[in-house]
Participant: 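Sharing a structure with you now.
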Amino acid sequence: MSFIFTDEQTMLLDAATRLVEENGGSAAVRAAGASDRGYDAAVWQQMVEMGWSAIVVPEAQGGLGLGQVELSIVAAAAGRALLPSPLLSTAIAARALVLAGTPAQQDRWLPQIAAGELTATVALTGVEGCYRPGDVAATLRTDGDGYRLDGSAGFVLDGHDAGLIIVAAKLDGEIRFVAVPRGEAGLSAERLPWLDITRAAARLGFDNVTVPADAVMAGGRFADVLAFANATLAAEQMGAAAAALDITVDYAKQRVQFGQPIGAFQAVKHALADLALLVEAATSAVWYAAACADQRPEEFAEAAATAKLMASDAIVKCSADMIHYHGGIGYTWEHDAHLYFRRGRTSASLFGDADAQTKIIADAIGLGAETNDAA
Amino acid sequence: MSFIFTDEQTMLLDAATRLVEENGGSAAVRAAGASDRGYDAAVWQQMVEMGWSAIVVPEAQGGLGLGQVELSIVAAAAGRALLPSPLLSTAIAARALVLAGTPAQQDRWLPQIAAGELTATVALTGVEGCYRPGDVAATLRTDGDGYRLDGSAGFVLDGHDAGLIIVAAKLDGEIRFVAVPRGEAGLSAERLPWLDITRAAARLGFDNVTVPADAVMAGGRFADVLAFANATLAAEQMGAAAAALDITVDYAKQRVQFGQPIGAFQAVKHALADLALLVEAATSAVWYAAACADQRPEEFAEAAATAKLMASDAIVKCSADMIHYHGGIGYTWEHDAHLYFRRGRTSASLFGDADAQTKIIADAIGLGAETNDAA
Amino acid sequence: MRLDFTPEQEAFRAEVRTWLDAQLSGEFAHIREIQGISEGAEQRFPWERHLGRAGWNQLSWPKAFGGREANLFEQVIFHEEYARSGAPGRLSHVGLELVAPTIMAFGNDEQRQRFLKPTAEVEIIWAQLFSEPNAGSDLANVQTRARLEDRPGGQVWVLEGQKIWSSFAQYSQWGMALVRTEPGSVGSKGLSMLLIPLDAKGVDIRPIRQMSGGSSFNEVFLDGAETAAANVLGAAGEGWKVAMGTLTFERGVSTLGQQMGFRNELDHILRVAKENGAARNPGIAKRLARAQAELRTMRYTALRMLGGSGLSLAGLTYKLYYTSWHQRLGELAMDVLGPAGEIAVPGSDAYRLQKMYLESRSDSIWAGTSQIQRNIIAERGLGLPREGKAAR
Amino acid sequence: MRLDFTPEQEAFRAEVRTWLDAQLSGEFAHIREIQGISEGAEQRFPWERHLGRAGWNQLSWPKAFGGREANLFEQVIFHEEYARSGAPGRLSHVGLELVAPTIMAFGNDEQRQRFLKPTAEVEIIWAQLFSEPNAGSDLANVQTRARLEDRPGGQVWVLEGQKIWSSFAQYSQWGMALVRTEPGSVGSKGLSMLLIPLDAKGVDIRPIRQMSGGSSFNEVFLDGAETAAANVLGAAGEGWKVAMGTLTFERGVSTLGQQMGFRNELDHILRVAKENGAARNPGIAKRLARAQAELRTMRYTALRMLGGSGLSLAGLTYKLYYTSWHQRLGELAMDVLGPAGEIAVPGSDAYRLQKMYLESRSDSIWAGTSQIQRNIIAERGLGLPREGKAAR
């Protein structure tokens with residue numbers, strides 16, 4: 001049992017922190033978010049060179065074969081600066097391929113992902129953005145030896161740009177993942193005018209898209225893919241929450257009113273202490289979930305839901321208080337507080353909101369039937 | 001339109017405040033609550049002499065024919081000191097008689113109540129203490145010219161002592177009130193070991209109790225009686241919340257730590273300011289509900305539920321913080337903080353908890369069907 | 001404790017309603033479409049001038065200043081009817097609710113004669129120039145300086161400094177500015193309240209883009225801006241007293257109009273919740289019911305505050321209460337919309353409610369932060385001691 | 001970042017479990033029935049002495065003092081197994097977790113020799129005598145005085161004053177008292193930490209009845225009580241340094257045992273909620289799930305805090321987090337029970353949970369109020385400046 005990073009993990013954290021510090025910053029993040037792609041390809045190239053696209057890809061497919069702890073380390077670092085990149089979307093897609101793909105599918109796509117030649121994403125929900133199996137709005141039907149895909153998907157991270165989309169679709173009522181490469185006829189993508197302006201999400205349309213039989217994966221891993229998505233997103237949120245707190249603490253030390261730094265007033269001090277509680281709780285929950293992913297799969301569903309719940313609480317509250325304790329300046333467009341605030345709201349609902357996460361936890365403690373009507 | 005008391009109401013308030021100050025106090029309240037009766041009969045006699053038992057009794061039956069504002073004035077004054085008396089139970093029973101009783105029933109009972117010769121109470125729920133119509137656990141069945149009453153009732157204020165009990169009972173699935181005098185054969189009463197030690201509640205048993213036909217009242221007023229009960233209880237809660245805040249504010253001005261009164265520390269100051277918000281909100285809601293009772297019956301159900309919700313919030317939070325900001329002393333048996341805290345919890349659930357009140361409000365704003373599963 | 005209005009008051013209500021209905025189904029029909037506090041200024045000013053010419057803007061003012069001397073209840077009725085009509089809030093709010101009462105209370109006859117009528121008729125739009133980058137919560141820390149200088153036409157005040165967070169200053173002709181007129185003075189001493197023309201040289205007004213995208217606030221740079229020596233409100237050196245007077249006017253009858261705006265927002269959210277099924281989620285339904293309960297409570301608190309005499313505890317708590325309520329309403333709106341609310345297509349429910357959600361974040365900052373409000377409630381309302389001097 | 005235990009650690013777990021199971025199904029079977037922190041003292045002391053004689057109380061201590069020098073993980077395992085066994089919390093907590101570490105850190109060899117073994121074996125039960133009526137949050141305001149006087153057998157400290165909130169002092173033979181030994185000194189200067197016998201003349205111990213009905217706390221009146229001159233821990237005048245050392249021991253491995261107690265409470269509430277149908281209320285179900293999530297989180301925070309080096313931010317936040325969690329759990333318990341929970345018949349679910357609900361109200365007061373915790377987190381954890389001196 002150990003609660004500290006290995007030397008390798010510490011090195012990864014240091015390198016990630018450096019990369020993000022060098023490429024983050026308000027202007028760069030805003031410009032990247034507002035660009036057509038939604039991120040800076042040069043920054044992504046740097047991440048690829050540092051091996052981030054290969055972290056969760058098995059060594060057999062040219063990856064690093066590392067775990068959720070390592071993925072969470074880089075996600076948290078990127079989250080601190082809200083640095084846009086296809087890291088999250090691509091890592092979750094890679095996870096989906098590892099979990100549900102056939103060996104042939106894995107051999108086809110994962111080496112390209114590991115090498116940074118291909119970005120990928122997952123399409124897990126309809127346009128309403130809920131994540132119960134019933135909310136999946138893409139449908140597969142058999143057509144000769146293969147299939148056709150119809151319907152739509154919402155809130156697809158980098159969905160207008162990613163080279164490969166792992167789509168959750170219903171086949172005879174069961175959810176299956178299918179790998180749809182960009183450019184497939186009948187696939188349309190429209191970037192959404194999202195509340196979050198530091199990352200891109202798209203609405204996808206599937207209009208009679210041809211899906212060869214060998215593009216359909218095994219079923220039954222929908223909840224698992226969601227859990228990995230949430231565990232990784234939670235790491236990002238935790239990083240963002242910690243940054244929002246740190247920036248606010250720094251401001252409270254410098255901003256003088258009534259002859260002393262506002263951070264010397266108990267009202268401010270105690271509010272910031274309460275935020276520290278949330279950040280520390282998120283930190284504990286995120287690393288616990290990451291460790292479970294790698295070492296205790298039987299606890300992972302609950303741990304991932306817990307991490308998402310705690311990290312959402314932290315980013316939502318820290319960013320709201322970031323605005324407030326900066327005063328008028330914090331309410332301006334030029335200040336970054338609203339970027340964190342926007343990320344707080346959108347990330348809390350992405351891959352399943354607090355109700356969805358508490359439902360998973362309730363299931364784990366035997367309250368499953370009782371909370372069905374709460375979902 | 002006017003938002004201030006009339007001269008008569010102000011005089012009533014002053015007199016009530018005086019009576020409560022003269023008869024309240026920690027030792028007197030504790031002794032009265034712990035006595036067999038649950039209150040001090042001499043204090044009740046004073047209240048009777050001041051006309052409190054006659055407030056809501058129509059002039060035709062020897063009462064004062066005053067309204068809910070006047071009743072709330074005396075209830076709030078008693079609430080401040082947690083002064084035990086059959087005021088609340090008797091007033092609600094009188095209301096029930098006015099609302100649902102036949103002229104003969106009113107002429108029989110109300111003059112005795114107004115004169116203070118008879119205390120009364122209402123039995124509105126089963127032993128679980130919920131207040132949906134389905135929770136009524138007393139049943140009427142026809143027997144010759146009259147009826148028989150079976151079943152039980154819980155949380156009956158002064159139920160072991162009151163001279164008359166207005167029992168909500170089901171007759172062919174519909175709720176009817178029946179007037180059951182103490183001493184009726186088959187009526188049993190057991191005082192409950194209640195969390196609230198400054199007032200008495202009992203569990204009643206009905207075992208084949210004879211109910212003459214003329215003891216049964218009109219149906220359909222269950223929700224109305226509950227609304228009056230809650231509006232009156234809310235006034236009491238508001239008084240108690242205001243007292244809990246006042247006592248805590250006084251202590252914060254006197255208790256010195258770190259060289260200054262603790263009330264000079266922003267942390268304490270701001271917490272007490274937040275309590276003031278709750279007390280002011282409760283105050284607004286209570287008087288608004290009282291005015292509606294007398295002047296806008298169509299708004300009364302929602303207003304009473306709102307008053308109960310706001311006043312419960314205030315007493316629950318003020319009393320919890322009363323303990324906390326008194327420090328160790330506030331956690332002792334000898335300090336009165338726990339008396340307010342106990343009253344907070346029990347009064348919040350009495351006559352319907354927060355879920356029940358929000359349900360009434362949701363109905364009023366057209367969300368009725370939607371919240372059925374939340375009740 | 002009466003809830004009903006007199007027949008005279010009901011007749012007044014009918015008059016207001018009839019007038020508003022006529023305007024809003026006629027010449028100003030388009031005005032109901034305008035949403036958000038920073039939209040449609042070019043259509044709103046003609047409407048607000050129209051209200052002023054009809055006497056509604058100055059309803060409660062003394063007859064000597066062109067008012068109707070309406071009592072509290074008539075004001076309540078007007079604000080209720082105005083909000084019910086769906087017409088937008090006032091861009092001329094600062095002039096009508098803050099500057100005009102200050103001029104009435106502290107101005108001399110000449111100033112009243114000169115400014116009140118054009119203010120009521122929205123020929124002058126006013127900006128409040130109090131806050132500065134280093135004088136936010138700590139308002140007394142004003143650094144903008146004014147000194148008297150001789151000019152051919154007489155003495156003038158010459159101003160140097162920077163003001164910030166001035167609502168609608170980009171539309172204003174005049175500003176009411178709290179400035180330091182005694183060199184070397186500190187804190188609340190040595191300040192004066194000057195009325196300054198904003199369309200003159202030395203004044204540079206720059207709108208600030210707020211996090212919701214719109215621009216209601218401005219920075220105002222004063223670099224040698226001038227105003228006549230006579231344009232001081234109250235005596236020179238008494239600026240702090242005048243400013244404190246202004247701030248008490250913030251809790252006026254217009255709070256009832258604000259509440260009707262809240263009512264409209266809650267009704268909008270209720271409608272969406274019923275339409276999209278969110279109201280079937282028991283947690284959402286409970287929060288909607290609670291929002292309803294608290295809004296009702298707020299209304300009665302406002303009436304208690306306005307109907308009572310002097311500064312009540314209810315009045316002190318009012319701003320903090322609605323701030324917290326409105327921010328929670330913003331969150332509830334987003335939860336009712338669900339993730340779809342994150343996608344804001346102009347004109348959609350999501351667009352309007354998302355804007356409200358974002359804009360509500362400023363509530364706890366302006367007009368005294370929630371921390372300042374709690375200090376005031378605790379010290380003035382509950383009589384708790386001030387902190388040790390070093391900590392103020 | 002590893003969650004698994006080594007085979008050696010698992011073997012240790014088996015040893016602990018086997019031993020506990022044997023005792024608790026044998027001689028001490030009745031001990032599992034005891035609930036509440038102020039019940040059944042006469043049965044609990046023999047059990048705690050038994051644990052001491054078997055070496056479990058001093059698991060982590062150096063071998064020189066009779067310990068096993070167990071590492072963190074073995075301690076974690078022991079506390080997990082102990083709590084899982086259903087045996088009650090320790091009345092000897094003060095001696096084992098606060099006094100013994102203080103003696104190890106600040107005592108001399110003679111004191112270690114004399115006190116550690118009997119403390120581990122619960123032959124000495126200790127009271128902590130720090131707080132006073134006017135020294136609560138402001139601990140340095142200690143007024144109890146001690147002066148050295150000559151006696152036939154040598155010099156003794158003679159104590160005058162009053163201590164309060166001493167847990168289990170009614171059972172204690174010795175007390176560790178923070179007293180003022182330099183006449184005229186103020187604040188944290190001039191204090192000493194004395195070890196004093198409580199069964200001597202001049203000591204009057206009066207249990208305080210707490211709002212839940214039980215009596216865990218005591219007032220201790222010292223009126224000429226004496227202790228030998230040698231019974232000072234650390235040097236005379238260094239009492240504040242010693243006291244601060246003691247307070248850091250409060251966040252030890254025993255927090256994990258406390259958490260297992262929380263686990264048992266939550267499991268109890270879950271069982272009741274499933275039995276009485278409260279879990280079908282979606283609002284209740286969500287709160288139960290959240291309590292579960294936060295308890296898991298707390299466990300990992302505790303492990304981070306214990307496994308890290310030095311005083312971490314996680315460690316500073318720990319007490320405030322569990323305080324808030326536990327008080328909310330008390331409220332949740334009552335909501336799960338519904339109004340029936342207000343009727344407490346001894347032995348019932350309502351009785352146990354109502355007691356927990358009432359007792360949880362003290363969590364935010366003792367061992368540093370929540371306000372003191374927030375000051376510490378902000379100043380030591382976030383580096384925020386101290387308030388102006390006058391406000392401290």
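Within every chain, numbering begins at 1; the chains are lettered A, B, ... in the order of the sequence lines, protein sequences first and strands thereafter.
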Participant: Which residues satisfy the side-chain contact (heavy atoms from CB on, under 4.5 Å) test with D:L270, sequence neighbours excluded?
Facilitator: A:I365, A:L367, D:R263, D:L266, D:D267, D:L288
Participant: Just verifying a value: how many Å separate B:I262 CD1 and D:S137 OG, rounded to the nearest 0.5 Å?
Facilitator: 8.0 Å
Participant: Counting only pairs under 3.5 Å, give me each side-chain donor-acceptor contact of residues 184-191 of chain D, with atom names and distances, residues two or more places apart or in other chains.
Facilitator:
residue : atom : partner : partner atom : Å
D:S185  : OG   : D:R180  : NH1          : 2.9
D:S185  : OG   : D:E182  : O            : 2.7
D:S185  : OG   : D:K189  : O            : 3.4

Participant: Can you tell me if CD on B:E334 sees more than 12 non-hydrogen neighbours from other groups inside 6.0 Å?
Facilitator: yes
Participant: I need the residue from B:G327, B:G330, B:A267 with the largest number of non-hydrogen atom pairs under 4.5 Å to chain D.
Facilitator: B:G327
Participant: Nearest 0.5 Å please: distance from the CG atom of D:L139 over to the CZ atom of B:F258.
Facilitator: 8.5 Å
Participant: For chain B, which candidate among D:N276, D:I164, D:I208, D:L358 shows the most heavy-atom pairs at distances under 4.5 Å?
Facilitator: D:L358
Participant: Quick one: which of B:V268, B:T125, B:L195 has the most heavy-atom pairs under 4.5 Å with chain D, could you say?
Facilitator: B:L195
Participant: Indicate yes or no: at least one non-hydrogen side-chain atom of B:V256 is less than 4.5 angstrom from one of D:N134.
Facilitator: no
Participant: Give, as side chain, backbone, both or neither, the part of D:Q327 having an atom under 4.5 angstrom from any heavy atom of chain B.
Facilitator: neither
Participant: Looking only at heavy atoms, what is the nearest atom pair of B:Y331 and D:S212, with distance?
Facilitator: OH-OG, 3.9 Å
Participant: What distance do B:R345 atom CZ and D:Q354 atom CD have between them, rounded to the nearest 0.5 Å?
Facilitator: 10.0 Å
Participant: Which region of D:A135, side chain (C-beta onward) or backbone (N, CA, C, O), has a non-hydrogen atom less than 4.5 Å from a non-hydrogen atom of chain B, or is it both or neither?
Facilitator: backbone
Participant: Looking at OG1 of B:T332 and CH2 of D:W165, how far apart are the two atoms once the value is rounded to the nearest 0.5 Å?
Facilitator: 5.5 Å
Participant: Between atom CD1 of D:I365 and atom CD1 of B:I329, what is the distance when rounded to the nearest 0.5 Å?
Facilitator: 10.0 Å
Participant: Is D:R361 close to B:H338 at the side-chain level, that is, under 4.5 Å between some pair of heavy atoms?
Facilitator: no
Participant: Around B:K317, counting heavy atoms of other residues, nucleotides and ligands shown, do more than 12 lie under 6.0 Å from its NZ?
Facilitator: no
Participant: Would you please name every residue forming a ring-ring contact (aromatic ring centres under 6.0 Å, His included) with D:F262, sequence neighbours left out?
Facilitator: D:Y322, D:W325, D:H326
Participant: Relative to chain D, which segment of B:R203 carries a heavy atom at a distance below 4.5 Å: side chain, backbone, both, or neither?
Facilitator: neither
Participant: Quick one: which residues of residues 334-347 of chain D reach chain B at under 4.5 angstrom, heavy atoms only?
Facilitator: D:M334, D:D335, D:P339, D:A340, D:E342, D:I343, D:A344
Participant: Where does B:L339 contact chain D at under 4.5 Å (heavy atoms): side chain, backbone, both or neither?
Facilitator: neither
Participant: Looking at CD of D:Q371 and NE2 of B:H324, how far apart are the two atoms once the value is rounded to the nearest 0.5 Å?
Facilitator: 3.5 Å
Participant: If you look at every heavy atom in B:F341 and D:M211, which pair is closest and at what distance?
Facilitator: CD2-CE, 3.8 Å
